[in-house]
K.L.:
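What follows is a structure written as structure tokens; I'll ask about it next.
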Amino acid sequence: MIDTFFNATIMAQAWPIILAGLGNTLALSLMVVPLGLAGGMALALLSTLRSPWVRWPLMAWVDFFRAFPPLVLLIFLYAGLPFAGLELGGFACVGIAFFLNTGAYYGEVLRAGIESVAPGQIEAARSTGLTRLQALIWIVLPQAVRAVLPDLLSNTLEVVKLTSLASVVALPELLFQARQAQSLTYNPTPIVAAAVVYFLLLWPLVRLLSRLENRAVAAR
Amino acid sequence: MGGWERFAETFLNAKVMERYWPDIVAGLGTTIELAALIVLSGLAAGLALAVLRSFGVRVVNWAIVFVVDLFRALPPLVIIVLIYFGLPSIDVVPSGFVSTWLSLALVLMAFSEEIFWAGITAIPRGQWEAARSTGLGFGETLAHVILPQALRITIPPLTNRTIAITKGTALGSVVAVTEILGQASSAVSNSYNPSPLTLGAAAYLVLFLPVVIFGRWVERKFR
């Protein structure tokens, strides 16, 4: 059992490959988290416009991309679009898929945050001479973000975990590298190692979230 | 041929769709079956762990917290790959279907335990004491007084989490499960046409759009 799943010799061989994968997973996360946040912020700010011409299409957009499994979106971009002569490559496909999918989730979280801020605050800010956008950015958003910080963090945890999907389109992130190492060595130790790396990387965030969530439920 | 016609010919090809829609429908059946199994077993296991945790045995609770943290931190695809490609090394050969089911059920177990537990701890201590003073036992208090209230609090977060995890059934295509995405992908490579993917995408929307809208409704209703 130890020889199969925790083989030290294989581990020594596979370690550089795994480490390169970890680097790429971190780089990928640093790309897709801001991308999703930017998309979500745009959606949330748009949702403050009261016009039904904006609100309904926006809600449809968000629900559409929340209903779509991210892997389906990714495969559609990666395996479908080339038929239309649009060959984007794995990296761009991951970027677009994450922007659309995680943007919708971040958008919902941020919208809830903005709605939790009392409307009187905008009116008060406007009366001091700020424009609507200034009031949103300087008065409402800081409070909104603080109100939904646990949800934002929880979503970010999911996004980082989701970067493992990039292995399906052959981006050399942690899971992809581990599977390469596994097929080279005929031994599952590299995958176990990748799992351990993911766990060590994300455990602190999970602990923090668990505390924040317990506090939030207790406060209701 | 105009741009639109070429687009339709490529992504909405009637001939290809006619040939492959039964496959997609079969995939839809597998997705629903997989999703139902994951939801039932994942939620049941999560509730069981939360109830077990309320007995307050320290060593047991440490173990529960560790397992929950583990399956919250690991990406579901990593767990699937680990089970599907790892276990055969010790002569346990789970199918792709079983690997996907087990993995996502474990993930849902972890997330739902956390939510159930938060719900249980949100009920004031005085309720325990009051119920016990009327002569109810620990188990009776839990089952008849605490859980009914705790479950009500947990419904909105639980609904959204369950929907998100159920969408993970698409990951099964990576380990050869013939669910919607798996069927659609093999149809694309057989027909050299992406229309089956369009059909597959439509199948996901038919399945999950009502669920997402339901989740939105639940969130409003229980707030």
Side-chain angles (χ1 to χ4, degrees), chain A residues 1 4-5 59 62-64 66-73 75-76 79-85 105 108 112 157-158 160-165 167-168 174-175 178-179 182-183 186-189 191-192 194-195 198-203 205-207 209-210 213-220, chain B residues 6-7 10-11 65 68-70 72-79 81-82 85-90 114-115 117-119 121-122 153-154 157 163-164 166-171 173-174 180-181 184-185 188-189 192-195 197-198 200-201 204-205 207-213 215-216 219:
Chain A
M1 190 87 165
T4 308
F5 291 107
M59 204 185 259
V62 166
D63 281 355
F64 183 85
R66 287 200 308 170
F68 236 67
L71 183 58
V72 178
L73 195 57
I75 297 291
F76 199 92
L81 288 190
F83 285 98
Y105 277 94
E108 273 299 282
L157 169 70
E158 294 308 308
V160 174
K161 284 159 62 180
L162 217 53
T163 58
S164 60
L165 294 193
S167 65
V168 178
L174 190 48
L175 178 59
R179 288 201 53 191
Q182 176 225 7
S183 48
Y186 295 104
N187 182 290
T189 302
I191 300 181
V192 175
Y198 272 116
F199 181 63
L200 293 180
L201 182 67
L202 296 174
W203 198 16
L205 187 52
V206 170
R207 273 290 85 229
L209 274 171
S210 164
E213 280 159 13
N214 278 333
R215 210 180 301 161
V217 173
R220 297 240 303 221
Chain B
R6 191 176 310 157
F7 176 84
T10 309
F11 288 98
V65 170
V68 166
D69 281 4
L70 181 66
R72 282 185 69 172
L74 290 183
L77 186 56
V78 172
I79 308 171
V81 166
L82 197 57
F85 293 104
L87 288 187
S89 304
I90 49 167
E114 190 79 8
I115 295 171
W117 177 246
T121 50
I153 313 178
T154 60
I163 295 170
T166 315
K167 274 165 43 191
T169 50
L171 299 178
S173 63
V174 176
I180 300 171
L181 182 59
S185 296
V188 169
S189 38
Y192 287 106
N193 180 285
S195 300
L197 265 180
T198 312
Y204 274 109
L205 285 184
L207 189 58
F208 282 111
L209 205 49
V211 181
V212 166
I213 291 168
R216 204 187 261 286
E219 202 158 74

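Order of the sequence lines sets the chain letters (A, B, ...), proteins ahead of strands, with each chain counted from 1. Keep in mind that this is a model prediction, so the values were computed, not measured.
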K.L.:
Is it the side chain or the backbone of A/Tyr186 that comes within 4.5 Å of chain B heavy atoms, both, or neither?
P.N.:
neither
K.L.:
Considering all heavy atoms of both residues, which atom of A/Asp63 and which atom of B/Leu209 are nearest to each other, and what is their separation?
P.N.:
O-CD1, 3.6 Å
K.L.:
Just wondering, do A/Leu71 and B/Ser173 contact through their side chains at under 4.5 Å, heavy atoms?
P.N.:
yes
K.L.:
When rounded to the nearest 0.5 angstrom, what distance separates OG1 in B/Thr198 from CZ in A/Phe76?
P.N.:
4.0 Å
K.L.:
Examine whether an atom of A/Thr189 lies under 4.5 Å from a heavy atom of chain B, and if so say whether it belongs to the side chain, the backbone or both; otherwise answer neither.
P.N.:
neither
K.L.:
Among all residues two or more places apart in sequence or in another chain, which pass the side chain to side chain contact (heavy atoms under 4.5 Å, CB included) test with B/Pro88?
P.N.:
B/Val93, B/Pro94
K.L.:
Highest number of heavy-atom pairs under 4.5 Å with chain B: which of A/Phe199, A/Tyr105, A/Phe83?
P.N.:
A/Phe83
K.L.:
Is chain A contacted by the side chain of B/Thr10, its backbone, both, or neither, given a heavy-atom distance below 4.5 Å?
P.N.:
side chain
K.L.:
Is chain B contacted by the side chain of A/Leu81, its backbone, both, or neither, given a heavy-atom distance below 4.5 Å?
P.N.:
both
K.L.:
Please state whether the side chain, the backbone, both or neither of A/Val160 comes within less than 4.5 Å of a heavy atom of chain B.
P.N.:
neither
K.L.:
Got a sec, which residues hit salt bridge (Lys or Arg N to Asp or Glu O under 4.0 Å) with A/Arg179, two or more places apart in sequence or on another chain?
P.N.:
none
K.L.:
Just how far is it from atom CG of B/Leu181 to atom CG of A/Leu73, taken to the nearest 0.5 Å?
P.N.:
11.0 Å
K.L.:
Would you call A/Leu165 and B/Leu171 a side-chain contact if the rule is heavy atoms closer than 4.5 Å?
P.N.:
yes
K.L.:
Can you find a heavy atom in the side chain of B/Arg72 that is under 4.5 Å from one in the side chain of A/Leu209?
P.N.:
yes
K.L.:
Between A/Ser164 and chain B, with a heavy-atom cut-off of 4.5 Å, which part of the residue counts as in contact: side chain, backbone, both or neither?
P.N.:
both
K.L.:
Please determine, among B/Ile79, B/Leu82, B/Ile180, the option with the most heavy-atom pairs under 4.5 Å with chain A.
P.N.:
B/Leu82
K.L.:
Indicate yes or no for a side-chain donor-acceptor contact from B/Lys167 to the backbone of A/Arg66 under 3.5 Å, with no hydrogens or angles considered.
P.N.:
yes
K.L.:
Which atom pair, heavy atoms only, marks the closest approach of B/Gly86 to A/Pro188?
P.N.:
CA-CB, 3.8 Å
K.L.:
Give the member of B/Val68, B/Leu70, B/Val174 that has the highest number of heavy-atom pairs under 4.5 Å with chain A.
P.N.:
B/Leu70
K.L.:
Using non-hydrogen atoms and a 4.5 Å limit, figure out which bit of A/Leu175 sits close to chain B: side chain, backbone, both or neither.
P.N.:
side chain
K.L.:
With a 4.5 Å heavy-atom cut-off, do A/Arg207 and B/Val65 have their side chains touching?
P.N.:
yes
K.L.:
For B/Phe208 and A/Ala67, work out which heavy atoms get closest and say how close.
P.N.:
CB-O, 3.4 Å
K.L.:
Non-hydrogen atoms of chain A under 4.5 Å away: do they reach the side chain of B/Phe7, the backbone, both or neither?
P.N.:
neither
K.L.:
Could you have a look at B/Leu87, B/Asn193, B/Leu207, B/Val188 and say which one has the most heavy-atom pairs with chain A under 4.5 angstrom?
P.N.:
B/Asn193
K.L.:
Looking only at heavy atoms, which two atoms of B/Ala73 and A/Leu202 are closest? And how far apart?
P.N.:
O-CD1, 3.3 Å
K.L.:
What part of A/Ala194 is in contact with chain B, defined as an atom under 4.5 angstrom from a non-hydrogen atom: side chain, backbone, both or neither?
P.N.:
neither
K.L.:
Where do B/Arg216 and A/Val62 land on the side-chain contact (heavy atoms from CB on, under 4.5 Å) test, with the steps shown first?
P.N.:
CA-CA 11 Å; B/Arg216 204 187 261 286; A/Val62 166; 4.0 Å; yes
K.L.:
Any side-chain to backbone donor/acceptor pair from A/Lys161 onto B/Leu77? Under 3.5 Å, distance only.
P.N.:
no
K.L.:
Closest heavy-atom contact between B/Ser185 and A/Ile75?
P.N.:
OG-CG2, 4.2 Å
